[in-house]
Amino acid sequence: MSRFRIAVHITPRRGILDPQGKTVADALHTLGFSTVRDVHVGRHVIVEVDAGTADSATALTREMCEKLLANPVTEDYEIASVEGA
Amino acid sequence: MSRFRIAVHITPRRGILDPQGKTVADALHTLGFSTVRDVHVGRHVIVEVDAGTADSATALTREMCEKLLANPVTEDYEIASVEGA
Amino acid sequence: MRFGIVTFPGSNCDYDAYQAVVETIGEEAVYLWHKDHDLKQSDVIILPGGFSYGDYLRAGAIARFSPVMQDVIAFAKRGGPVLAICNGFQIACEAGLLPGALLRNASLKYICEFVRIRVESNDTTFTNRYAVGDIMRVPIAHGDGRYTADDETLNRLEGDGRVVFRYAGGPADADEWWSPNGAMRAIAGIVNETGNVLGMMPHPERAVDSLLGSDDGLRVFESMLARIGV
Amino acid sequence: MQRLHSVEPRPGDPAITPALIAEHGLTVDEFDKLLAMLGREPTFTELGIVSALWSEHCSYKHSRPLLRTLPTDAPYVLQGPGENAGVISIGDGLAIAFKIESHNHPSAVEPYQGAATGVGGILRDVFTMGARPIAMLNSLRFGSLDSARVRYLFAGVVKGIGDYGNCVGIPTVAGEVAFDPSYEGNPLVNAMCVGLLHENELIRAVAQGVGNPIIAVGARTGRDGINGASFASEDLSAESEAKRPRVQVGDPFTEKLLLEASLELIRSGAIVAIQDMGAAGLTSSSAEMAARGDVGVTIDVTKVPVREEGMTPYEILLSESQERMLVVAKQGRENEVTAILEKWDLTAAVIGEVIAEPVYRVTEGDRVVAEFPGIRLVTDCPVYTPEAYESAEVVRLRAIDVSQVAELPEERDPLWTLKELLSSPTIAAKTWVHRQYDTTVRTNTVIGPGGDAAVVRIRGTERALAMKTDCNGRYVYLDPRVGAQIAVCEAARNVACTGGRPMAITNNLNFGNPKRPEVYFQLREAVRGMGEACRALGTPVTGGNVSLYNENPTGAVYPTPVVGMVGLIDSIAHITRSHFQEEHDVIVLLGEPDRNIGGSEYLSRIHGMVAGPPPACDLDGERALIDALVEAIQGGVVRSAHDCSDGGLAVALAECCIMDRGAQRGATVDLKHWRELPARALLFGEAQGRVVISTNMPDTVLSIAKNHGVPGRIIGQVGALDAPLHITTVANELSAPLAKLDEAYHEAIPRIMSRAAVVSP
Ligand SMILES: Nc1ncnc2c1ncn2[C@@H]1O[C@H](COP(=O)(O)OP(=O)(O)O)[C@@H](O)[C@H]1O
Ligand SMILES: [Mg+2]
C-alpha cells in the first residue's frame, strides 16, 4: 500500500447556466480586464488515498466522483493528476 | 491576439480549518472508501482570455488572482495550466 | 443626523437598516446607490446585509470594487463612522477596512436564529450605551460567518480591546470559544484600529422591536446618535 | 375570418412522424385536433408548442372541470384563479397576492436546483402581480429518512429552498414536512409565496393594445429545461434519468435584480402586462397573455437574447431558462423599460408585438415557423374526465377495526409511546430545516417557524397576516373527501390559533396518474371535499396548482392536496403563540376527543399500520371553533393556543410545554373526565376540531365557547419553568421530565441527519 494524492476538477457542465462564472467574468470586466472572454468556476478536490497502485487509486477516485464528489446531473469531472504522496 | 484558457487552483491556506474537506472525507468513509486519508476542497477557476502571448495571458491571470480571485488572508493560488484555446 | 445606507446589487437588508434608523431613533436615512460616487453628505455609512453580487466567488469579494466603495473607503480613512453588518462585514474585510476574513460556517450550513452575544467593549461609537458584559439577544442569518485571522492579528485585536462582540451562551459544557459558526475566539464583531469601522455578523437592525423578539440592538443606533448626533 | 399562412417545414427540422408525435406526449386524438385546428400538417416547431401548451402542467386537461367546482368568490377577492397569483384586499387600499406551486419532478432528479428554481418561479408569479414578496412557505414530502437517498433529497431540497429565498431576501416563515414511504422516489416540493401590494398597483398578465411591443426581460435563454412542462406530466421512471440535462439552474442573484426591476417597471406605468416565463417558457407566457387579452401576437425568435449559439426556434420557444420575464410595454415607452432594466444590470429586447390579426405567429427573421389561430391554441386544449372508482384496497383498509389492534408491551408506559411519537420525523421539531432559512429578514416576522401559523405584520397598519400550509396525505389516502376537508380546516385552525381570521386559500393538488381510475377518484373526491370545507369556512380558493403523475415504480404517492391558507389579524396586540406562557394559567381544551385512532400517526409509527377511517370532520363545528377562538383571542383572554393534529392531544400538550427551547414550562393535566374512552385514543387519537388553550380567564373563554356551541373543558394548569408534564387518565398516568420530551422532539431530525453521506452541493 502506498499513499497517492489525486487532484480532481469538477466543473459545471457545458450548456448549464453557470451564474458564478458569469458574475466573476462581469466583475473582471468592471475591474478593467477587458480581454476576459469567459470564466467558469468549479471545484478543485484533492483526495489522499492509500492504494496498491496508481491505477487502483485512480479507479477508486473515479468511483468517489461518480458516487459523491460530482453532481452527475449538473457537473463533469476529470482526474487532473495522480502523484505518489 | 489569441485566446488562452488558463486554469487556476485556489486552495484554503494550510492550517485554516477546511470543514468542507473534512465533511467530504467523512462522507467518503461512510460510503465505504475506508482508505481515504484526507480531502481538501478548493476552487478550480477557468479563465478564457485574449492575449498576445501565453506569458502575458499568465501575467494577466496572476493579476486577477491578486486582485479578486483569491483572498490573500486565507487562500493560496496557483496557475495550474495555460493552453491555447 | 443622516445615515447613508449602501444598496449593492443583491443587498437585502438595506431596507431593514433604513427602517431601524427611521422608525426607532427617528433620524434621517438615505439609500446610496452602488454605481454612484455620492455619499450624499451622510454622517454615518451602513454597509447592510444581503448577498451582494450573489456572494458568488466569495462573500463581499466583488462588492468591494463598486464605485461607491471607493468613497466609503475614503470616508472611513478620514475617520467617518461605518457600521458594517453581516454581508457588510464581509465586504469591509475584503476591502481591507477590517482585518481577517469571514469563511463558510463550520457546519457548512446557513444559520438563522436568535443568538446571545456579549458586549466586550463599550468604548466605541457603536456600543457606548451598553455596559461591558451586557448580553444581547440578536438574530444571525448567514452562511459565511466564521471569523478567521492569523494568531498575530487575533492577539492584536484582543490586546487593543477591538473585539466588540463575542458569541455567548453556547451549551453549558461548550469550551470557552463556542460560536454558532465556528468563528475564531467566538468573535462576532470587531472595530478597526481607529475605532470608526465596526463589523459584526449579528443583525442589530433586526433587533429593535420587542414585538419581533428583541430590542437589544436598539442601543447600537442610540450609541451612534449619542456620539455623533448633531 | 383569419387566414393562416401555409408554413413550410424549416430546413433541418425533423419530419413529423407518429414516433415524434408520441415522443411529444400527444395522443392520436390530440394530434387530430391539432390537424383540424391548423387545417394542415404542423411543423416541428408547432408540434413542440402544442406539446407544451397541451401538457397536463400547462393545460390542466384532467383537472379543469373539477377545479371549476371550487368556490372562488368573496367580497374581498380582487383576483381569483386564472392569473399568475390570486389577490385579496385587506383594507386600507392594501392587498395580498399569494400562490403555491410544485416542483416535484425536478426535485426528484436534482433536489437542490429543483427546489431552488421552484422558489424562484413562485416568487415571480407573485411579483408579476405588482406585489412585493413578504413571506415564503413550503410543504414537503419525502420517503423514510432511513434511506440515504432520501436524506440526500431532503438535505438538497431544504438547502435549495433556503439558498434561493435567503439570497433574494424574503423570509421563509412556515411550512410543513412529512415523511412516508409512499413518497419514496417521488418527493413533493411545494413552495408558496405571499406578497403585499397597493390595490391600485395590481397588474394582470393580459396582452393589450395593437402595436404594443413585446419585450423579453432578464436572463438570456439557454438550452436548459427544454420541454420541462411535458416532463412534469409523466411518471418518474428510469427514463427520467436520461432526461437529466433538462434540469435548470437557478440564479437567485439575478432574481433579486429582476424583482426590483419588475416592481419599478410596474410602478413606472410604461407597461401593460408582465408574466413570468415559467413552464414552457416563452411559448406559454406569450400564448397565455395573448389569449387573456383576446389579441394576436407575433414573435421573432432571432431577437431573443440567447446564451448559446445555434439555438433553433423550437429550443428558444420551449427553453425553461430561469429568471426571465415577458413584458408588453406601451408603444413608444420602450426606452423607459430598457433604462429601468439597465439600472439593474439586466437586458431587455423587443422580440415581437401585439397584432390585431387573431393569430399566434412565430418567425425566425422573415420565415414564419409557427402560426396558430390565436386563442384556440389555448382554449381548444382537450379536456378529459376519466373513469373513476375507489381502490378496493383502500376500501378494505378503511374498514379495518383498528380499535382491535393489540397494544405493544412497551405501551404500558404511555411516556414511551409519547416519546416515540415526538421523535417521529413527521412530528418532531423541524428546526434542522428552518434554521437554514432566513426567517427574520425584512423585520416583520412576529412568529416564524415553530408556531401554529406564521405571523407577519403589515408595516404602517395595526394588522398582521397569519399563514400556514397543511395537508395530511394519510387521511386523504384513506378517505379523499374527508382528508381534503381536514386539510382546509387544519390550516384554518392553525391560522386562527395565532388570532387570524382565515380569509382565502391557494392549493396544490399533488396526485398520481389521473388515467388510473383509483387516482382520478381521489382527485375528484378531494376537490369535492376541499370545496365543501372552503364554503363552510368562507375561505374561497384564489389559485393553485395541479401536479399529477407523482408516481414511482411502486405506485402513486399519497394523494396530497396541500392547502395554503392566509388570514388577517386585526390587531398586533392580539397575536397569540402556541406554547405555554405563564405558570398557573389554566389549560382549556376546546373540542372533544373521540375513540377513533384510524389514520393516526400513532398507528403508523407504533404499529406500522395505515388503516381505519381517518378522523371525522364536522365542518360546522370547525367553523364555530374558529369563530370562538378568534373572538376569545381578540377579547384578549387567551394566553396561548395550539391545535391538536398529528399525534393527538398528548403530543399537542407536550409541544405546548417544550416547543420554545428558551422557556419550557411543565403542566399538570387531568383527563379523567373522559372515562369511557380508551387511554390511547384519548392521548394519541387525532380527533379534529380541537385546540389547547392556556388562559388566566377560563370562565370567559368557556362562555365564549359556549355561545358558539363549541365544547370546552378545563383540563389542567401550566407549571413552572422546567417542571414536568403530568397527564392523568382513568387508565394510566404519564409523568414526563421535560428534558426527555425535549430530547425526543428536538434532537430526532438532527440525529438522523448527522449520519454522514449527505453532501449537498
Ligand atoms: N418546511 C418548513 N419550512 C418552514 N417551517 C416549517 C417547515 N416545516 C415545518 N415548519 C414549521 O414547524 C411548525 C410545525 O409544523 P406542523 O407540524 O405542520 O404544525 P401543525 O401540525 O400545527 O400544522 C410550524 O411552525 C411550521 O411552520
Ligand atoms: Mg398546529
Side-chain angles (χ1 to χ4, degrees), chain B residues 4-31 33 36-50 57-82, chain C residues 52-66 69-70 73 89-111 142-154 156-157 175 177 179-187 190 192 199:
Chain B
F4 295 92
R5 200 181 155 79
I6 299 156
V8 184
H9 292 166
I10 300 165
T11 44
R13 184 155 304 154
R14 288 259 150 197
I16 285 183
L17 186 69
D18 174 14
Q20 218 179 337
K22 189 176 171 308
T23 308
V24 172
D26 288 349
L28 287 171
H29 290 153
T30 315
L31 287 179
F33 295 99
V36 169
R37 290 291 150 259
D38 209 354
V39 178
H40 292 279
V41 181
R43 261 191 285 270
H44 174 66
V45 180
I46 296 167
V47 180
E48 289 187 20
V49 62
D50 289 343
T58 310
L60 213 56
T61 308
R62 218 170 264 290
E63 208 187 318
M64 295 178 209
C65 288
E66 299 281 343
K67 269 202 168 163
L68 177 73
L69 300 180
N71 182 337
V73 181
T74 55
E75 295 172 326
D76 292 319
Y77 72 89
E78 181 199 2
I79 309 278
S81 67
V82 182
Chain C
S52 53
Y53 296 91
D55 277 359
Y56 294 133
L57 194 62
R58 285 189 314 279
I62 298 177
R64 74 174 261 220
F65 294 108
S66 287
M69 273 308 288
Q70 313 324 306
I73 291 168
F89 188 9
Q90 295 157 345
I91 295 167
C93 286
E94 286 280 344
L97 290 175
L98 291 167
L102 292 147
L103 304 186
R104 192 96 177 265
N105 292 347
S107 65
L108 301 180
K109 290 195 176 66
Y110 187 94
I111 302 175
H142 59 248
D144 302 81
R146 175 165 50 108
Y147 185 73
T148 302
D150 55 33
D151 280 339
E152 193 190 320
T153 307
L154 292 170
R156 190 147 28 86
L157 283 172
D175 63 42
W177 301 125
S179 66
N181 48 29
M184 286 181 162
R185 303 193 192 180
I187 288 173
I190 56 171
N192 65 347

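The chains referred to below are lettered A, B, ... by the order of the sequence lines, with proteins before strands, and numbering in each begins at 1.
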query = Any donor and acceptor pair, going by atom type alone, linking the side chain of C:R58 with main-chain N or O of B:L69 inside 3.5 Å?
reply =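 It does hold such a pair.
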query = Are any side-chain N or O atoms of B:R43 and backbone N or O atoms of C:L57, one a donor and one an acceptor, separated by less than 3.5 Å?
reply =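 A pair under 3.5 Å: yes.
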Per-residue contact mode, C:L108 against chain B (heavy atom under 4.5 angstrom) =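 The answer is the side chain of C:L108.
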inquiry  = Quick check on the interface: out of B:K67, B:E75, B:Q20, who has the most heavy-atom pairs with chain C under 4.5 Å?
reply    =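 When all of B:K67, B:E75, B:Q20 are compared, B:Q20 has the most.
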task = Among the options B:V73, B:T74, B:L68, B:V45, pick out the one with the most heavy-atom pairs lying under 4.5 Å from chain C.
result =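 The residue among B:V73, B:T74, B:L68, B:V45 with the greatest pair count is B:L68.
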inquiry  = Would you compute the distance between atom CG of B:D18 and atom CZ of C:R104 and round it to the nearest 0.5 angstrom?
reply    =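 Rounded to the nearest 0.5 Å, the CG-CZ separation comes out at 10.5 Å.
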key: Interatomic spacing from CG in C:D150 to CZ in B:R13 - rounded to 0.5 Å   =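 Between atom CG of C:D150 and atom CZ of B:R13 there are 9.0 Å.
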query = With a 4.5 Å heavy-atom cut-off, do B:L17 and C:M184 have their side chains touching?
reply =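 Not touching, per the 4.5 Å side-chain cut-off.
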request  = Work out which heavy atom in C:A106 is nearest to a heavy atom in B:P19; give both atom names and the distance.
outcome  =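 For C:A106 versus B:P19, the nearest heavy atoms are O-CB, 3.4 Å.
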